[in-house]
There are 2 protein chains.
Amino acid sequence: MPQRPRRSQDERSDETRTALHRATIRLLLDRGYSRFTTADAAAAAGVSRGALTHHFASKEDLVVRSVAQDLAGVTEGLRVFLAEGRGRRRGPDELVDHLWALMAGGLFYVTMEYLPEARHNAPFRERLLPVVRDFHAALDALWCSVSDAHDLDPAEAQVTLNATLCLMRGMVAQSVLKPDESYFAAMLDHWKAHLRALFARSAGAGDIPGPSHAGRHHSPPVPNPEVP
Amino acid sequence: MPQRPRRSQDERSDETRTALHRATIRLLLDRGYSRFTTADAAAAAGVSRGALTHHFASKEDLVVRSVAQDLAGVTEGLRVFLAEGRGRRRGPDELVDHLWALMAGGLFYVTMEYLPEARHNAPFRERLLPVVRDFHAALDALWCSVSDAHDLDPAEAQVTLNATLCLMRGMVAQSVLKPDESYFAAMLDHWKAHLRALFARSAGAGDIPGPSHAGRHHSPPVPNPEVP
DNA sequence: ATAACAATACAGGCTTGCCTGTTTGTAAGT
DNA sequence: ACTTACAAACAGGCAAGCCTGTATTGTTAT
């Protein structure tokens, strides 16, 4: 047993809360909302049930705050990805691949777990609304940076990039009961072509935004990494 | 109390099962899978719990068979809609509006209720797989009839129309926590333009497939009718 | 400095309510 | 008569919230 290094109260609380946040998202992904119990969350986080009830008023409170933390991490990751791309001359294909890896890698599976609960549980929904509002606002800001960098029509780019995420949400949802890799690969390729057309329409210098036909049909095969 | 008209055993069974099917879908839509109980389903159908257990081996059995019935009704309704359109010269806008009314009117909300369960409950998923496989096969057949009627490239139309549904799935999912009508209307208009381009590319006589700019921004405002 | 006190962090048992599958009993059709 | 359709009570399990008890950290008065 290692000697406890005398953490401050705030440190203790932060560590406990973070452990519970991560365990919650993990369990939502692995077992789903209906199978998710506060006891399991505490056990997975390595803390007691009492610790959980001390920091979180209810199961809903735990989930809402865990989701908020998770989404904050997602926007930050996306911001970094786009900032990196500022230097290199990345086209829409890489963006699609990145977003798909993100969504199909667990992000939207987690969302699908709490959406039904949000639909039927008004207090829960009310607490989630500002969380997702902020998330969508952050996304819109990121889309603006994309349309800026590539000299696109901002309004059109906004709609198109949000549609990209909607398409992927639908694809991930369908993937639960449609185990057909090629089906989704073809759809992503179709969408990449659509985005290339949008990017090519831009008034910018005639740079080639990405592979126009050569590099098709190699969308990444739905990985299943863990969501942080 | 009306005199019982002496129904045959098969009639009795059919009526009971149908009532339970309809009640199940209704309750899934109204209260969600986690709040859905077999007792409520029986009560909503106006039968006893004993009747339910007699006709359905388990809760999962009830849900799977109810969903199968529901999807059969959906394909039939879609078939009729497309058959009607054969005479008039309908463009993609009407198809989008119809599909959106269908999806946002409850169909995909119901789907969102059982998808998480399917993701975590292997036996349940195995029973659903053939059901949705048949549904998707029926859809593909319908898409073929569309590409035939409008002289489109079959493969391209297939992907595009399936993408239409995926987009709408994502939109309906997002609509749970994003109460922004205009956001979705703009997205549908964007997609209609995309489909008009596809339809216009067809080798057919230069008919105008639909309003190219005039009639935009009037997508139907997410009705919420009951799913049969 | 340090002892007393206060506040916060954590631990775990208990209770209550609910839901599913089962079983036993009754009525309607063949 | 005998099978099928329906009815309702029963039993077992499980999970959320509550509550009481303990340990650790922070504060203040001497």
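Proteins get letters first, then strands, A, B, ... in listed order; numbering begins at 1 in each.
Residues B:Leu29 and B:Arg26 form no side-chain contact, since every pair of their non-hydrogen atoms from C-beta on lies 4.5 Å or further apart. Contact annotation: the side chain of A:Met171 approaches that of A:Trp100 to within less than 4.5 Å [non-hydrogen atoms, C-beta and beyond]. The closest side-chain heavy-atom distance from B:Val67 to B:Thr111 is not below 4.5 Å. The shortest side-chain heavy-atom distance between A:Thr160 and B:His190 falls under the 4.5 Å cut-off. Taking the side chain as every heavy atom from C-beta outward, B:Pro130 and B:Phe135 never approach each other to under 4.5 Å.
With respect to the salt-bridge test (charged N to carboxylate O, under 4.0 angstrom), the residues B:Lys192 and B:Asp97 qualify.
Distance CZ (B:Phe56) to C1' (D:dC6): 14 Å, rounded to an integer number of Å. If you take NE2 of B:His55 and C1' of D:dT4, they are 9 Å apart, rounded to a whole angstrom. Distance A:His54 NE2 to D:dG21 P: 18 Å, rounded to the nearest Å. What separates CG of A:Asn121 from P of D:dA16 is a distance of 13 Å, to the nearest Å. Between the CZ atom of A:Arg17 and the P atom of C:dA9 there is a distance of 7 Å, given to the nearest Å. Rounded to whole Å, the distance from CG on B:Asp14 to P on D:dA5 is 10 Å. Rounded to whole angstrom, the span from the CG atom of B:Leu20 across to the C1' atom of D:dA7 amounts to 14 Å. Per the geometry, CZ belonging to B:Arg35 stands 19 Å off P belonging to C:dG17, to the nearest Å.
Side-chain contact, A:Asp148 with A:Ser145: no donor N or O sits under 3.5 Å from an acceptor N or O.
Within 4.0 Å (heavy atoms only), B:Phe36 reaches sugar-phosphate atoms of the nucleic acid but no base atom.
Scanning for salt bridge (charged side-chain N to carboxylate O under 4.0 Å, His left out) contacts around B:Arg79 gives B:Glu76, with sequence neighbours left out. The side chain to side chain donor-acceptor pair (under 3.5 Å) test applied to B:Asp61 returns B:Arg65, B:Arg127, not counting sequence neighbours.
At its two ends the helix from C:dA1-D:dT30 to C:dT30-D:dA1 runs along axes set 10° apart, each axis drawn from five pairs and the angle rounded to 10°.
Contact annotation: A:Ser13 side-chain N/O to C:dT8 OP1/OP2 distance is not under 4.0 Å.
No option in B:Glu113, B:Arg35, B:Arg31 other than B:Glu113 meets the side chain to side chain donor-acceptor pair (under 3.5 Å) test with A:His120.
Judged by a 6.0 Å distance limit and a 45° cone about the ring axis, A:Lys59 is not positioned over the six-membered ring of A:Phe124. Stacking of A:Arg119 on the aromatic ring of A:Tyr114 is not recorded, the 6.0 Å distance cut-off and the 45° axial limit not both being met.
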Distances for protein N/O vs nucleotides 5-7 of chain C N/O pairs under 3.5 angstrom?
none

Restricting to nitrogen or oxygen on both sides, can you table the protein-nucleotides 11-13 of chain C pairs closer than 3.5 Å?
residue : atom : partner : partner atom : Å
C:dA11  : OP2  : A:Ser48 : N            : 2.9
C:dA11  : OP2  : A:Ser48 : OG           : 3.0
C:dA11  : O5'  : A:Ser48 : OG           : 3.3
C:dG12  : N7   : A:Gly50 : N            : 3.4

Give the C-alpha distance, both sets of side-chain angles, the deciding distance and a yes or no for side chain to side chain donor-acceptor pair (under 3.5 Å) between A:Ser182 and A:Asp180. CA-CA 6 Å; A:Ser182 63; A:Asp180 182 348; 2.8 Å; yes

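Listed by residue number, the members of residues 59-66 of chain B with any heavy atom below 4.0 angstrom from DNA chain D form an empty set.
Here the nucleotide nearest the side chain of A:Thr37, chosen from D:dA15, C:dC10, D:dA5, is D:dA15.
Note on ring orientation: taking the six-membered ring where Trp is involved, the planes of B:Phe56 and B:His21 are perpendicular (angle over 60°, cut-offs 30° and 60°).
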